[in-house]
Amino acid sequence: MSSRTSPSGRPVTIRRAVARDAKRLTRLVRGSGAYEGKYAAAVAGYRVGPDYIEAHRVFVAVGADERETRVLGFYSLVLVPPELDLLFVADEVQGRGIGRLLVAHMQSEARAAGLDRLKVVSHVPAADFYHRVGAVRTGTAFANPPAVPWDRPEFEFRIPSE
C-alpha cells in the first residue's frame with residue numbers, strides 16, 4: 001500500500017484491490033461519463049468480478065473524507081501479455097491528478113515485475129490523457145462488433161529501469 005498526496009492536496013492511498021471491492025469497481029466502470037451515448041453499450045453489462053481481481057494486478061486509489069473512505073479510481077495491470085487493461089477515475093474527481101497517480105503506480109508495478117513496456121488499447125475519449133502521461137501512440141485497434149463497434153487508439157508505455 002502506498003500513500004500519496006494528489007495535486008489537490010488530499011491524501012490518496014493506492015492499495016491492492018480485494019474481492020469486496022468488485023461491486024464498487026463495477027459501478028465505477030458502468031457509471032463512467034466517458035461511456036455515455038454511443039459508448040454506453042461497451043460497459044452496460046461489464047463486470048469487474050472477484051475472479052478478475054484475483055487473476056490480475058488490480059489496484060485501487062482511495063481517499064478518506066470526513067464521512068468515509070471512497071474509491072477514487074483503479075487500474076488493472078495484466079502481465080502476460082503486458083497490458084494496462086483498465087484504468088478508471090471517478091467522474092467527480094477527474095482533473096485532480098488521480099489518473100496520474102495511478103499511472104505512476106502502474107509504471108512502478110510494471111518495473112517491479114520486470115516489464116520494459118506495456119500496451120494500452122485506449123477508449124477514444126481517453127487518448128489525450130494517455131498522451132499527456134507519457135504513452136506513445138503505436139497504432140489502432142480496429143472495431144470488433146458487436147462488442148466494440150469503433151476503432152480505438154493503441155498506445156505503449158515504455159518502462160525505464162531505475
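What you see is a predicted model; the values in this text were computed from it and never measured. Throughout, residue positions are numbered sequentially from 1 according to the sequence presented.
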Novice: Tell me, which pairs form a salt bridge (charged side-chain N to carboxylate O under 4.0 Å, His left out) where one or both residues lie in residues 32-50, sequence neighbours left out?
Specialist: Arg47-Asp51
Novice: Donor-acceptor pairs are to be reported for all side-chain atoms of residues 113-138 against protein atoms at under 3.5 Å, with residues two or more places apart or in another chain.
Specialist:
| from | atom 1 | to | atom 2 | distance (Å) |
| --- | --- | --- | --- | --- |
| Arg117 | NH1 | Glu156 | OE1 | 2.8 |
| Ser122 | OG | Ala127 | N | 3.4 |
| His123 | NE2 | Ala34 | O | 2.7 |
| Arg137 | NE | Gly139 | O | 2.8 |
| Arg137 | NH2 | Gly139 | O | 3.3 |
| Arg137 | NH2 | Thr140 | OG1 | 3.1 |
| Thr138 | OG1 | Glu154 | O | 3.4 |

Novice: Taking the side chain as everything from C-beta on, heavy atoms only, tell me whether Phe59 gets closer than 4.5 Å to Met106.
Specialist: no
Novice: Under 4.5 Å between side-chain heavy atoms, counting indirect links through other Ile/Leu/Val/Met/Phe/Trp/Tyr residues: same cluster for Leu77 and Leu72 or not?
Specialist: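 Same hydrophobic cluster.
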Novice: Test of understanding: with side chain to side chain contact (heavy atoms under 4.5 Å, CB included), list the residues that count as partners of Asp91, not counting sequence neighbours.
Specialist: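 Per chain and number, Asp91 pairs via side chain to side chain contact (heavy atoms under 4.5 Å, CB included) with Ser32, Gln94.
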Novice: Under the ring-ring contact (aromatic ring centres under 6.0 Å, His included) definition, can you give me all pairs with a residue in residues 15-34, not counting sequence neighbours?
Specialist: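 Of all non-adjacent pairs touching residues 15-34, none passes ring-ring contact (aromatic ring centres under 6.0 Å, His included).
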Novice: Who clusters with Val18? Use side-chain heavy atoms, under 4.5 angstrom, across I, L, V, M, F, W and Y, and order the result by chain and number.
Specialist: none
Novice: CG of Leu87 to CZ of Phe74: how many Å apart, nearest 0.5 Å?
Specialist: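 Between Leu87 CG and Phe74 CZ, I get 8.0 Å after rounding to 0.5 Å.
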Novice: When hydrophobic residues are tied together by side-chain contacts of less than 4.5 Å, even through go-betweens, does Val89 share a cluster with Val58?
Specialist: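 In one cluster: no.
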Novice: State which residues pass salt bridge (Lys or Arg N to Asp or Glu O under 4.0 Å) with Arg30; sequence neighbours excluded, sorted by chain then number.
Specialist: none
Novice: Please list, chain by chain and in numerical order, all residues satisfying salt bridge (Lys or Arg N to Asp or Glu O under 4.0 Å) with Asp151, sequence neighbours excluded.
Specialist: none
Novice: In chain order, what residues pass the side chain to side chain contact (heavy atoms under 4.5 Å, CB included) check against Val43, with sequence neighbours excluded?
Specialist: Val29, Tyr35, Tyr46
Novice: Is Leu28 linked to Val62 within one hydrophobic cluster, defined over Ile, Leu, Val, Met, Phe, Trp and Tyr using a side-chain heavy-atom separation of less than 4.5 Å?
Specialist: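 Yes, Leu28 and Val62 fall within the same hydrophobic cluster.
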Novice: Side-chain heavy atoms nearer than 4.5 Å, only ILVMFWY residues, links allowed to pass through others: does that put Val93 and Val60 together?
Specialist: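 Different clusters: Val93 never reaches Val60 through Ile, Leu, Val, Met, Phe, Trp or Tyr contacts under 4.5 Å.
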Novice: Is it possible for you to say whether Val71 and Ile14 belong to one hydrophobic cluster, with membership spreading through side-chain heavy-atom contacts below 4.5 Å?
Specialist: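 No, no single cluster joins them.
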Novice: Identify the two heavy atoms, one from Leu102 and one from Gly73, that lie closest to each other, and give their separation to 0.1 Å.
Specialist: CD1-C, 3.9 Å
Novice: Could you give all pairs that pass the salt bridge (charged side-chain N to carboxylate O under 4.0 Å, His left out) test and reach residues 74-83, with sequence neighbours left out?
Specialist: none
Novice: Pairs in or reaching into residues 103-114: which pass salt bridge (charged side-chain N to carboxylate O under 4.0 Å, His left out), with residues at least two apart or in two chains?
Specialist: Arg57-Glu109, Arg111-Glu162
Novice: Are side-chain heavy atoms of Ile53 and Leu25 found at a separation under 4.5 Å?
Specialist: yes
Novice: Taking side-chain hydrogen bond (donor to acceptor under 3.5 Å, both in side chains) as the definition, give me every residue that meets it alongside Ser76, ordered by chain and number, with sequence neighbours left out.
Specialist: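 Partners of Ser76 by the side-chain hydrogen bond (donor to acceptor under 3.5 Å, both in side chains) criterion, ordered by chain and then number, come out as Tyr52.
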